[in-house]
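Because only heavy atoms are used, hydrogens play no part in the values below, and waters and symmetry mates are left out as well, while side chains stay in.
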Amino acid sequence: MKLLLSIFLAASLSLPLSAGAEPMEVTVTPSTIETQSHQYYYYNFGSVRVNWSQYADIYLRNTGHEPLYVRGVYISGAAFWAWSQCPNYLYPGQSCLTRVEFRPWYEGYFNGALRFAFPNGSIVVELYGWGVRW
């Protein structure tokens, strides 16, 4: 009985606390930001167990021919956290990673937004997810 309990504990402790979702790439050219002002994307985390987490990697890529000034990367929403390695200037062909984490603490619907700010506009990734109990 103790052997079964220790095997169960070892197996449950080896399970990942967060699972990564498919990465998302957002491409931008400096001239597009200037003409469109704002661009919107959507990312749905789906159902995530309460008090667990799931992350998504979002890549920002400059597909233009001139450097892109990134004023900041901002996250909003009660159950969302973000870590970004985007520099102030994103040069042509360069990309940077922002990891967004969804951690619901109760059962129900959550929404938030990840915003990449530029001098003449922004890119907004609307975030959605459900906290569920299993």
Side chain proximity check, [X] to [Y], heavy atoms < 4.5 angstrom:
{"X": "Phe116", "Y": "Cys86", "answer": "yes"}
{"X": "Tyr42", "Y": "Val125", "answer": "no"}
{"X": "Phe118", "Y": "Leu68", "answer": "yes"}
{"X": "Phe110", "Y": "Phe80", "answer": "yes"}
{"X": "Val132", "Y": "Val50", "answer": "no"}

Show the nearest heavy-atom pair for residues [X] and [Y], with the distance to one decimal.
{"X": "Pro67", "Y": "Tyr89", "result": "CB-CD2, 4.3 Å"}
{"X": "Gly131", "Y": "Pro104", "result": "CA-CB, 3.7 Å"}
{"X": "Trp105", "Y": "Ala78", "result": "CZ3-O, 3.1 Å"}

With distance as the sole test, does Asn111 use its side chain to make a donor-acceptor pair with the main-chain N or O of Tyr128 at under 3.5 Å? no
Answer with yes or no whether the hydrophobic clustering places [X] together with [Y]; edges join I, L, V, M, F, W, Y residues whose side-chain heavy atoms lie under 4.5 Å apart.
{"X": "Trp130", "Y": "Leu127", "answer": "no"}
{"X": "Ile75", "Y": "Ile123", "answer": "yes"}
{"X": "Tyr55", "Y": "Tyr74", "answer": "no"}
{"X": "Val124", "Y": "Phe102", "answer": "no"}

Counting only pairs under 3.5 Å, give me each side-chain donor-acceptor contact of residues 91-100, with atom names and distances, residues two or more places apart or in other chains.
unit_1, atom_1, unit_2, atom_2, d
Gln94, OE1, Tyr91, N, 2.8
Thr98, OG1, Ser84, OG, 2.9
Arg99, NE, Asp57, OD1, 2.7
Arg99, NH2, Asp57, OD1, 3.2
Arg99, NH2, Asp57, OD2, 3.1

If you take the centroid of each ring, where Trp contributes its six-membered ring, are Tyr43 and Tyr41 closer together than 6.0 Å? no
Value rounded to 0.5 Å, distance of [atom1] in [X] from [atom2] in [Y]:
{"X": "Arg61", "Y": "Leu90", "atom1": "CZ", "atom2": "CG", "result": "9.0 Å"}
{"X": "Ser47", "Y": "Arg133", "atom1": "OG", "atom2": "CZ", "result": "13.5 Å"}
{"X": "Arg71", "Y": "Arg115", "atom1": "CZ", "atom2": "CZ", "result": "8.5 Å"}

Using the side chain to side chain contact (heavy atoms under 4.5 Å, CB included) rule, take Leu60 and Val73 through it: C-alpha gap first, then chi angles, then the decisive distance, then the call. CA-CA 11 Å; Leu60 179 67; Val73 179; over 6 Å; no
Evaluate the ring planes of His38 and Tyr40, with Trp represented by its six-membered ring, and classify them as parallel (under 30°), tilted (30 to 60°) or perpendicular (over 60°). tilted
Hey, mind stepping through Arg103 and Trp81 against side chain to side chain contact (heavy atoms under 4.5 Å, CB included) and telling me if it holds? CA-CA 8 Å; Arg103 285 188 270 171; Trp81 287 263; 3.3 Å; yes
